[in-house]
Trainee: 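Here you go, one structure.
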Amino acid sequence: VLSWSRRNNMSPKAILLPLSYSAIFGGTCTLIGTSTNLVIAGFQQNRYADVPGLSSVGIFDISPYGIVYAVWGFMFLLFF
């Protein structure tokens, strides 16, 4: 990425910063995308161990929320 941006006379910062934000936004779409998601899933598993429907979290259970968050984040990057 650095050599490509230099060859095209672009600032590496203009490429790496949006790439970093995109990785963060994409990580919120699955359970294993960020360490925070794994910690919260562990807390939920311990807290609701006796409730059958709430004791486990699937890998894509947070995707509906993560996708909305990612779309808003990408739109923010595009417009601001």
Side-chain angles (χ1 to χ4, degrees):
V1 173
L2 294 175
S3 62
W4 180 84
S5 64
R6 289 184 183 128
R7 275 195 314 252
N8 292 314
N9 295 325
M10 294 180 68
S11 170
K13 191 175 7 176
I15 302 294
L16 291 175
L17 196 57
L19 184 64
S20 170
Y21 287 138
S22 299
I24 292 169
F25 294 144
T28 61
C29 294
T30 64
L31 181 64
I32 60 172
T34 64
S35 60
T36 308
N37 293 349
L38 290 172
V39 169
I40 297 300
F43 284 150
Q44 181 176 352
Q45 186 175 12
N46 290 337
R47 171 98 165 111
Y48 299 107
D50 54 344
V51 181
L54 297 177
S55 63
S56 66
V57 179
I59 191 167
F60 294 112
D61 284 350
I62 63 169
S63 292
Y65 307 105
I67 290 170
V68 170
Y69 173 71
V71 167
W72 279 107
F74 288 132
M75 286 178 22
F76 182 81
L77 283 177
L78 287 175
F79 295 120
F80 298 105

Trainee: Is there a path of hydrophobic side-chain contacts, each under 4.5 Å between heavy atoms of I/L/V/M/F/W/Y residues, joining Ile67 to Met75?
Mentor: yes
Trainee: Determine all donor-acceptor pairs shorter than 3.5 Å in which one atom belongs to a side chain in residues 14-22; sequence neighbours excluded.
Mentor:
unit_1: Ser22; atom_1: OG; unit_2: Pro18; atom_2: O; d: 2.8

Trainee: Counting heavy atoms not belonging to Tyr69, are there more than 12 under 6.0 Å from its OH?
Mentor: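 Count not over threshold, so no.
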Trainee: Under 3.5 Å, side-chain donor or acceptor atoms of residues 27-38 against the rest of the protein: list the pairs with distances, not counting sequence neighbours.
Mentor:
unit_1: Thr28; atom_1: OG1; unit_2: Phe25; atom_2: O; d: 2.6
unit_1: Thr30; atom_1: OG1; unit_2: Gly33; atom_2: N; d: 3.2
unit_1: Thr34; atom_1: OG1; unit_2: Asn37; atom_2: N; d: 3.4
unit_1: Thr34; atom_1: OG1; unit_2: Asn37; atom_2: OD1; d: 3.3
unit_1: Thr34; atom_1: OG1; unit_2: Asn37; atom_2: ND2; d: 3.2
unit_1: Asn37; atom_1: ND2; unit_2: Thr30; atom_2: O; d: 3.0

Trainee: Can you name the residues that form a side chain to side chain contact (heavy atoms under 4.5 Å, CB included) with Asn9, not counting sequence neighbours?
Mentor: none
Trainee: Restricting to pairs with a member in residues 39-67, which pass ring-ring contact (aromatic ring centres under 6.0 Å, His included), not counting sequence neighbours?
Mentor: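 Found none.
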Trainee: To the nearest 0.5 Å, what is the distance between NZ (Lys13) and CG (Leu2)?
Mentor: 13.0 Å
Trainee: List in chain and number order the residues that pass ring-ring contact (aromatic ring centres under 6.0 Å, His included) with Phe80, two or more places apart in sequence or in another chain; answer none if no residue qualifies.
Mentor: Phe76
Trainee: Please name all residues satisfying side chain to side chain contact (heavy atoms under 4.5 Å, CB included) with Val68, sequence neighbours left out, ordered by chain then number.
Mentor: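 Applying side chain to side chain contact (heavy atoms under 4.5 Å, CB included) to Val68 gives Trp72.
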